[in-house]
Structure formats: C-alpha cells, structure tokens
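Data first, discussion second: the structure below is written as structure tokens.
Below, each value reflects all heavy atoms present in this structure, side chains not excepted, and no hydrogens, waters or symmetry copies.
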Amino acid sequence: MADEQKGFRLSRRLVLGATVVGGAMLWGGTTMARLARGPSGPKNAGRIADIDGIALPLKPIASPPAFDPSLPWSAKGGDINDASGLSRTPVYGVVEVSEEDHVARALAFARANGLKVSLAAIRHSMGGHAFDDNALVLDLKKFNKVSVDAAARTMTLQPGARWHDIQNLLHPRFAVKAMQSTDIFSVGGSLSVNAHGMDHQAGSVAGSIRSMRVMLADGSVTTCSATENSELFRHVVGGYGLFGVVVEATLDIVDNAVYRTSREIIKSDDFPKFFAEVLEPNKDIGLFYGHLSTAPGNFLEDMIVYRYDKVADQPPPDQPAIGEPGSVGLKRVIINLAKWGSLFQELKWFTEKTLEPKFESCTVARAAAMAQGEACLVTRNNPMHDSVPYLFNDLTDETDILHEYFIPRAAYVEFISEARDILRNQSLPVLNASVRIVHKEDVALTYAPEPAYSLVLYINQPTDADGNAKMRALTRALIDVTIKHGGRFFLPYQLHYTARELLASYPELPAFLAAKRHYDPTELFSSTFYRGIKALSGVA
C-alpha cells in the first residue's frame, strides 16, 4: 500500500512537472510567434491631444459641405493616423490623387467651401504633419509617375513616388543621390522635411533638386529651384507641406557605384577624430553609417562604423535585381525582445557586432570588380534598399518613436555624454541609436545652420497615458541638452516640446510663419503640426 501511495505521489509530481514544462514551452512558442508576427493592420491607439498644454482637437464642422462627386474620394469623413499610432484625427474626407488635375480641383473645392487642405502619402511623420481636424486630405500615394533622363542624369517624378520603387527603376545603371537611410518614404515627404541619409558627401535631399513645379493655394503652378524663385524653393523644401503641393520635381541621380564594405568598432568619443581623419578626406567612401550600442554594459559608448569604399563606377552588366531584406522574423524577434530589459539588449548588441557580419549579403561578383579578392562588394543601391519590415510589429499596446537631434560638431562628445546620462536614467527602452553627418542647410526652417552631427534614436513606449507622459518628459530633457550645446531638434516627430524649446531651436520660426501667410494668405494648407507651432510662436 505504501509503495502504491509512493508511486501515486511520484506520478503526480511527474504530471505536475510535465505540465509546467509543457506550459512554459507553449508560452514560449506563443510569445515568440507573437514577437515575430508582422502587423495585421495600422496602429490606431488614440491621440496625444495637446502641445505644451494647448489643446489640439477642433470642434466638428457644424454644417459640412456636400462632397463633390467629381473628385476621387477614398474616404468621406472618418479619421486618419500616422506611423506613431498616436495621432488619430477626424477629417472631412480623403481625395485619392493620381493626376495633377485632381489637385487643382480639390484645392478649388476646398477654397469654395472654407475647408483646410493637408498633404499625405506614407505618413511617417509622427505629430499630425499630414492631416488636420476637419481637413480635406490629399492622399498622394498614387500620384507617383517617374521618368529617367539618362543623358541629363536626372529623374522627374511626382511626389507620391516611393524611394523603394524608384531604386528598382534606376537599378542597375543609376542610383539615388540623396534620401533617408531607409526607402519606405515618399519623395514628397522627403522634400517636406529636407531628409538626409547615408551619403555624408551628398548631404540632404535639397542639394539634389534641379527644380520643382509647385501648385500654390490659388491653384497657380510655379517653377522654383535654388536659383529661380529661390525664396519659395527655400520654404517648400523643409516646409512640411504648408506652402503648396509639389506636383513634379526633377532630381539628380548618380552612378550605381560598386562599394567594398567594411566595419570596425570604435569608441563613440573617438568619432569626431575618425570623421576628420578618415571619412572627410577620403572621397571614395561613398556611404557611411554609425551604429551606437544600446546595451547597458556600454550604452552609447561603442560604435560600429559601417563604411562603403568605391571600387568601381558601375556594376557588371549581369548585376541581379536588388534583393529584399532577409531573416525578417528573426530580426523582428530580436528587436522586440530588446524591449524586455538589459539581458536582451546585450543579446541584440552581441548579434549586431558578432553574428550580423556572417549573414552579410555580397551582391557583386568579386572577379568583376577590380579583382577585390575576398572583399564583400555591393552596389550603392543595395544598402540603401532597406524597407525595414522587421521594425513593424503586431504589438498593439506599444509603439516605437523616432527622435533626431542636431549638434554642432565641436560639441559632440559633451552632448553624447549628457544624452547618455538622460537616457540611462529613464525607463523607456532605447532600441536603436545612430550618428549621421549633416551639412549646413540653406532652407528657411533649417535644422542645421552650421555643419553638424546628428543623433538618431528609436525609442519604445506604451500607448497609454503613462507612456505618453514618459515620452514627453524624455523628449524635453533631450531637447534641453541639445539647446544647451547649440543644437536643434528635428520637427517631423511628436509634438512634445514647449514654446521656449521651439523658439530656442528655431529662432527663424516667426519669419517662416510670416512667409507662410505671404504665399498662402488664407492658410488653405494646414495640419495639426502647423496649428501647434503657430500657437507656440504666439501668432494668432
């Protein structure tokens, strides 16, 4: 009898143990599957409803006008959001633009009915830059034709064209001169923020623009460039869609050069010396990317420097199509696990510095490019053709927010030290940090009145009120230390700054707003962002 009871107890322990192990395996498998899953739809987690205590939502239109049946509406009423998922805003309607006449007729309808107009495409700005309460929104994604003039080395395109598609069109003969370091954005969006990226010699997209045709608020179309109607040009580029609709732009293109890839790990504090002694004087380094550690053991202290040295002007004639990112599920799991604390942040850094090189995709046959031996060779289009699908997930109760801070080059080391202390002493997970090279930018609302370095951060937050409050506090702390060192913060992101911070970073803002009223006296073009910066500037 005792033996039977002992056997029963042993069996019960085995069952309990098996249940625990099985449950853990089931939980682990389910969790990994959830972390690896791509988005099932856009995030729509509500709205950050104020800027520095000033309420942003507007009352609905009391008697909205009837919809013009001749316009191609994709939505009548409803709401719209951006990549943050935290800018849900009710709109009058959305016109799906595919030709220039749609723009002209939509503006005429808005003028006749007292509506505001907002311009939208991919909507990766994160503070209501592409829409406004009760606005007529022009969705430009299908306004996307591109033509290439090989002899002039230019491309002429409509604003809805995506860099991803443009690269596929240019490859293998040509490449984009200037764009962001990822290709998910529209050209119109890039022009509106004066984007910059991996080519530290080309600088921002402004420097690649030959000319633009811009439809103004009254429906007229004006051609502008750095030398023709230059004041309008300086306000449209980096003007956040507030001065008119770019209906066509002609941009420089460049050779799809072949690069030898290499990487090394340096100390972040040594980066200014590395730039001065290695990057700046060597004109054959065509692309550069500086990736900072976000692991607690060396947070913002170590940097992986990725460099691309030119070895040939053109790839071989049989160059294959540009490949898409691989191992998306695994990369998504790694970055999502990094939100769970220091152990997983260390795992992410180990993967980046140790495992990542083993999976590098070398796309040019070595024998065909100046006999480079065992070097890894890629074309210019390859590293610039990253749609970062692994950054997008199906975790609906959180979101990932971009920040960017521009620092005069002489202040880099002191700034990074203070930013490191701020970021270490707060609880939101820093998922990615990188350094860019920025030139002096001659546009009206410039983020770089002098040559600068920029710190780009990608930070996770819960989408609840507490997450928003923590992100607001962190943003303001980072802006304050940026201002302390004579720098500026980038405006395409969340509206968490104060009036003091905005005007200290952008003392040109009053003149910018005066020019806005000159070119658009009725303020036809509007956005939540525009109303916010106008309110903070004290302009009625």
Salt bridge (charged side-chain N to carboxylate O under 4.0 Å, His left out) partners of residues 75-98, not counting sequence neighbours, each pair once: E96-K142
Write down the atom of [X], the atom of [Y], and the distance for their closest heavy-atom approach.
X    : Y    : value
A178 : S204 : CB-O, 3.6 Å
I285 : H200 : O-CE1, 3.0 Å
V94  : V91  : CG2-CG2, 4.3 Å
S87  : M126 : OG-O, 3.8 Å
A338 : P429 : O-CB, 4.3 Å

Quick one about [Y] and [X] (side-chain donor to acceptor, distance below 3.5 Å, no hydrogens or angles considered), yes or no?
X    : Y    : result
Y412 : S268 : yes
H164 : S387 : yes
E418 : H485 : yes
N298 : K267 : no
T351 : E356 : no
S434 : R436 : yes
S40  : D394 : yes

Could you tell me whether [X] and [Y] have their ring centroids closer than 6.0 angstrom?
X    : Y    : result
Y92  : F67  : yes
F529 : Y240 : yes
F185 : W163 : no
F271 : Y453 : yes
H196 : Y447 : yes

Output yes when [X] and [Y] qualify as a salt bridge under the 4.0 Å nitrogen-oxygen rule, no when they do not.
X    : Y    : value
R472 : D50  : yes
D480 : K484 : no
D132 : K116 : no

[Y] backbone acceptor or donor facing [X] side chain under 3.5 Å:
X    : Y    : value
R476 : H496 : yes
E441 : A448 : no
R263 : Y306 : no
S186 : G189 : yes
D400 : I459 : no
Q167 : M384 : yes
N425 : D421 : yes
R380 : K177 : yes
R260 : D309 : no
Y506 : F489 : yes

T475 and Q494: CA distance, side-chain angles, deciding distance, side chain to side chain donor-acceptor pair (under 3.5 Å) verdict: CA-CA 9 Å; T475 303; Q494 289 180 309; 5.3 Å; no
Reference residue H385; test side-chain hydrogen bond (donor to acceptor under 3.5 Å, both in side chains); the match among T182, T379, D183: D183
Partner of E398 under side-chain hydrogen bond (donor to acceptor under 3.5 Å, both in side chains), chosen from Q461, K339, K43: K339
Set of residues satisfying salt bridge (Lys or Arg N to Asp or Glu O under 4.0 Å) with respect to R420, sequence neighbours excluded: none
Full working for side chain to side chain contact (heavy atoms under 4.5 Å, CB included) between T294 and N432: CA-CA 6 Å; T294 53; N432 201 54; 5.6 Å; no
Trace of the side chain to side chain contact (heavy atoms under 4.5 Å, CB included) decision for L136 with V95: CA-CA 7 Å; L136 187 162; V95 172; 3.9 Å; yes
Evaluation steps, side chain to side chain contact (heavy atoms under 4.5 Å, CB included), between L391 and L431: CA-CA 10 Å; L391 296 183; L431 303 179; over 6 Å; no
With D133 via side-chain hydrogen bond (donor to acceptor under 3.5 Å, both in side chains) - residues at least two apart: R47, R531
